[in-house]
Chemist: 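Have a look at this one.
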Amino acid sequence: MNTLLSASVSAAALDRTTDVGPEVLAIRGGRPLTGRVDVKGAKNLATKAMVAALLGETESVLRDVPDISDVHVVRSLLEVHGVGVDDDGDGVLRLDPRGAVSAHMEEIDTHAGASRIPILFCGPLLHLLGQAFIPDLGGCRIGDRPINFHLDALRKFGAVVEKLPSGIRLSAPGGLRGADIELPYPSVGATEQVLLTAVRARGTTELRNAAIEPEIMDLIAVLQKMGAIISYEPNRVIFIEGVDSLSGYDHRCIFDRNEAASWASAALATDGDIFVAGAKQQEMLTFLNVFRKVGGSFDIAEDGIRFRRGGALKPVTVETDVHPGFMTDWQQPLIVALTQAQGTSVVHETVYENRLGFTDALVQMGADIVVHPHGLDGPYRRVGRRELEQAAVVTGPTPLHGADIVVPDLRGGYSHVIAALTADGESIVRNIGIIRRGYAQFLDKLTALGADFDVIG
Ligand code: EPU
């Protein structure tokens with residue numbers, strides 16, 4: 001051992017506490033992943049609910065918060081803004097916004113790291129303090145990821161946006177007022193921006209072409225607990241009646257359906273058998289349909305879902321889309337499983353313009369994947385809501401072999417690890433720290449499922 005930490009030691013000691021942890025794994029593949037993993041609160045709700053606590057006049061309590069670095073980033077950003085954050089253990093955070101203050105751009109920049117979350121502080125900070133700063137925004141490198149929808153919406157509420165060399169400064173000299181907003185695309189982040197701003201704006205806001213992901217519905221539930229008045233109609237229309245004040249909330253996060261889908265695809269790829277405790281059918285209907293079409297078998301229980309193969313894997317054609325479509329975050333681990341299916345699958349990515357780059361590493365490992373950066377022509381063209389499409393044509397089954405690969409982003413990184421576990425021989429997977437952004441106790445879970453790996457850096 002010495003420099004090599006054994007899987008069990010590394011998992012318990014390093015994955016849990018801080019954002020400093022293993023960066024390089026040596027993975028020996030070929031063993032099915034079998035056992036149980038517990039999936040807790042959704043990354044894409046917990047971080048937003050933490051920001052919502054800024055809007056309350058009393059303490060909020062958030063439960064089932066995942067121990068991931070995106071949560072740690074938001075926690076530091078809240079603390080920089082004077083919010084008291086106490087960790088009661090077992091995923092319970094207490095957030096007290098009563099001492100909220102402005103923060104310096106450099107402090108925000110330092111704590112935000114690669115996260116895009118600071119943009120969501122704008123509305124709450126404008127209400128609370130009359131101004132907000134946004135540094136250069138990070139997040140996964142999966143496309144340009146602009147913030148124009150956010151800034152346009154904030155301007156409609158009456159915010160003044162100034163671009164400075166160090167970032168963006170927003171102010172609201174006359175306070176924020178309800179607005180009539182139609183998003184060019186049902187963006188998750190821009191919908192959250194509008195919700196977090198409109199709840200305390202003067203008057204009513206009508207938001208059209210809103211995102212309606214389950215995590216957004218859960219954020220609406222959080223805001224309603226705080227005293228907000230929010231209703232929605234079919235066809236992506238949300239009405240928000242601004243109120244004068246909001247209180248804290250006590251809320252248990254919705255489960256992380258992206259993590260649940262990741263482990264489901266890991267079971268398919270490695271020919272394993274994984275019970276994902278905490279997964280629920282309702283929020284995963286679209287995923288489960290595709291999982292079944294690929295040849296997966298699942299059993300739905302009260303406390304989770306069991307995933308495994310139901311026979312030989314079959315090819316599929318899928319197109320990523322906004323909810324209730326097939327999530328863009330589900331395609332990467334699925335593509336690993338599709339390398340083991342008999343025939344040609346096509347995955348159309350229509351949400352981000354650059355989210356198939358991770359397949360280069362799979363090709364290095366022996367997969368037959370051809371990426372069409374501008375989508376497929378003719379009858380194969382699939383464009384959902386936007387003129388944005390990449391397509392991956394995956395032909396299988398191809399045996400995968402070990403390789404030396406570098407993780408590019410969160411979901412791509414998860415897929416690289418699963419590919420290495422599917423492959424024959426040893427792989428070196430680098431830059432795995434990124435996976436801590438969204439998968440809690442990742443190495444613990446791999447160990448529990450029987451993965452054979454060492455931490456080597
Ligand atoms: N977009 C714009 N302008 C904007 C905002 C978005 O053009 O101002 C574009 C984006 O570039 C992208 C599309 O709209 O092409 C969709 O972006 P959206 O705003 O919906 O995504 P997001 O809020 O930045 C969240 C999740 C992502 C998830 C997407 C789609 C968080 C922190 N992130 O991102 O999660 O893929 O919604 O559901 O909630 C992940 O978990 O790995 C992840 C990337």
Side-chain angles (χ1 to χ4, degrees), residues 41-52 66 68-71 73-74 77 112-122 134 137-156 161 168 181 183-196 209-219 236 253-254 256-262 283 286-287 320-333 349-356 358 383-390 407-415 434-440:
K43 156 173 109 55
N44 292 349
L45 176 273
T47 45
K48 326 302 171 61
M50 289 170 74
V51 178
I68 54 175
S69 50
D70 268 16
V71 162
V73 167
V74 180
L77 283 171
S115 166
R116 281 170 59 82
I117 295 289
I119 184 88
L120 292 179
F121 279 66
C122 290
I134 320 168
L137 292 169
C140 282
R141 288 186 297 263
I142 53 178
D144 282 349
R145 305 195 74 183
I147 54 169
N148 51 330
F149 303 164
H150 295 253
L151 297 181
D152 289 348
L154 287 162
R155 284 192 190 97
K156 289 213 162 169
V161 178
I168 298 173
I181 298 168
L183 295 177
Y185 178 78
S187 149
V188 168
T191 299
E192 292 160 346
Q193 180 75 263
V194 170
L195 288 169
L196 290 166
N209 208 22
I212 51 166
E213 268 62 7
E215 296 77 19
I216 296 220
M217 292 301 142
D218 208 35
L219 181 62
R236 302 185 174 278
C253 300
I254 187 173
D256 197 314
R257 67 203 169 100
N258 292 340
E259 184 178 357
S262 301
E283 289 77 11
T286 307
F287 177 82
T320 65
D321 202 351
V322 292
H323 186 78
F326 190 89
M327 288 279 294
T328 166
D329 303 283
W330 296 340
Q331 51 94 344
Q332 304 81 349
E349 170 59 53
T350 77
V351 178
Y352 290 107
E353 64 269 38
N354 180 20
R355 222 182 180 183
L356 292 170
F358 77 96
V383 177
R385 270 156 236 286
R386 323 166 74 190
E387 277 301 316
L388 187 66
E389 184 192 354
Q390 284 189 289
V407 161
D409 60 58
L410 173 61
R411 307 291 169 198
Y414 180 94
S415 307
I434 272 188
I435 299 175
R436 284 193 293 280
R437 281 196 45 217
Y439 293 90

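Counting starts at 1 for both ligands and their atoms, in listed order. The basis for the numbers below is simple: all heavy atoms, side chains too, and nothing from hydrogens, waters or symmetry mates. Because the structure is predicted, anything quoted here is derived from the model rather than measured.
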Chemist: Under 4.0 Å, heavy atoms only, figure out whether ligand 1 is touched by the backbone of Val188, its side chain, both or neither.
Modeler: both
Chemist: Donor-acceptor pair, distance only, cut-off 3.5 Å: does the side chain of Ser69 make one with the backbone of Arg437?
Modeler: yes
Chemist: With respect to Leu410, determine whether any N or O atom, backbone or side chain, lies less than 3.5 Å from an N or O atom of ligand 1.
Modeler: no
Chemist: Is a salt bridge present between Lys48 and Glu192, judged by a nitrogen-to-oxygen distance below 4.0 Å?
Modeler: yes
Chemist: Do any N/O atoms on Glu192 end up under 3.5 angstrom from N/O atoms on ligand 1?
Modeler: no
Chemist: Considering only NZ, NE, NH1 and NH2 on the basic side and carboxylate oxygens on the acidic side, decide whether Glu215 and Arg257 come within less than 4.0 Å.
Modeler: yes
Chemist: Working to the nearest 0.5 angstrom, can you tell me the gap between Ile181 CD1 and Arg155 CZ?
Modeler: 12.5 Å
Chemist: Any heavy atom of Gly438 closer to ligand 1 than 4.0 angstrom?
Modeler: no
Chemist: When you compare ligand 1 with Pro146, is there at least one nitrogen or oxygen pair between them that comes in under 3.5 angstrom?
Modeler: yes
Chemist: What atoms in ligand 1 come closer than 4.0 Å to a heavy atom of Thr328?
Modeler: 30 (C), 36 (O)
Chemist: Give a yes or no on whether the backbone of Pro333 and the side-chain of Gln331 come within a donor-acceptor separation of less than 3.5 Å.
Modeler: no
Chemist: Just by modelled atom types, is the Leu183 backbone N or O under 3.5 Å from a matching donor or acceptor in the Asn209 side chain?
Modeler: yes
Chemist: If the cut-off is 4.0 Å to any non-hydrogen atom of His150, which atoms of ligand 1 fall inside it?
Modeler: 8 (O)
Chemist: Output the list of atoms in ligand 1 that are nearer than 4.0 Å to some heavy atom of Ile147, sorted by atom number.
Modeler: 8 (O)
Chemist: Quick check: closest heavy atoms across Phe358 and Pro408, and the distance to 0.1 Å?
Modeler: CB-CG, 4.0 Å
Chemist: Taking only heavy atoms of Met327 into account, list the atoms of ligand 1 that are under 4.0 Å away from them.
Modeler: 38 (O)
Chemist: Taking only heavy atoms of Val351, which atoms of ligand 1 are found under 4.0 Å from at least one of them?
Modeler: 12 (C), 13 (C), 15 (O), 16 (C)
Chemist: Has the side chain of Glu353 got a donor or acceptor atom that lies under 3.5 Å from a matching backbone atom of Glu349?
Modeler: no
Chemist: Based purely on interatomic distance, does Asn44 place a nitrogen or oxygen under 3.5 Å from a nitrogen or oxygen of ligand 1?
Modeler: yes
Chemist: Taking the six-membered ring for Trp, are Tyr185 and Phe149 ring centroids under 6.0 Å apart?
Modeler: no
Chemist: Regarding atom 44 (C) of ligand 1: of the candidates Arg411, Arg116, Arg355, which has the closest heavy atom?
Modeler: Arg355
Chemist: Taking only heavy atoms of Gly189, which atoms of ligand 1 are found under 4.0 Å from at least one of them?
Modeler: 19 (O), 23 (O)
Chemist: For Lys48 and ligand 1, answer yes if some heavy atom of the residue is under 4.0 Å from a ligand atom, otherwise no.
Modeler: yes
Chemist: Within the distance-only criterion (no hydrogens, no angle test), does the side chain of Thr350 pair as donor or acceptor with the backbone N or O of Glu389 below 3.5 angstrom?
Modeler: no
Chemist: Are the side chain of Glu213 and the backbone of His323 linked by a donor-acceptor contact shorter than 3.5 Å?
Modeler: yes
Chemist: Heavy atom to atom 10 (C) of ligand 1, shortest distance: which of Tyr352, Tyr185, Phe149 holds it?
Modeler: Tyr352
Chemist: Side chain, backbone, both or neither: which part of Lys43 has a heavy atom under 4.0 Å from ligand 1?
Modeler: side chain
Chemist: Under 3.5 Å between any N/O of Ala190 and any N/O of ligand 1: does that happen in this structure?
Modeler: no
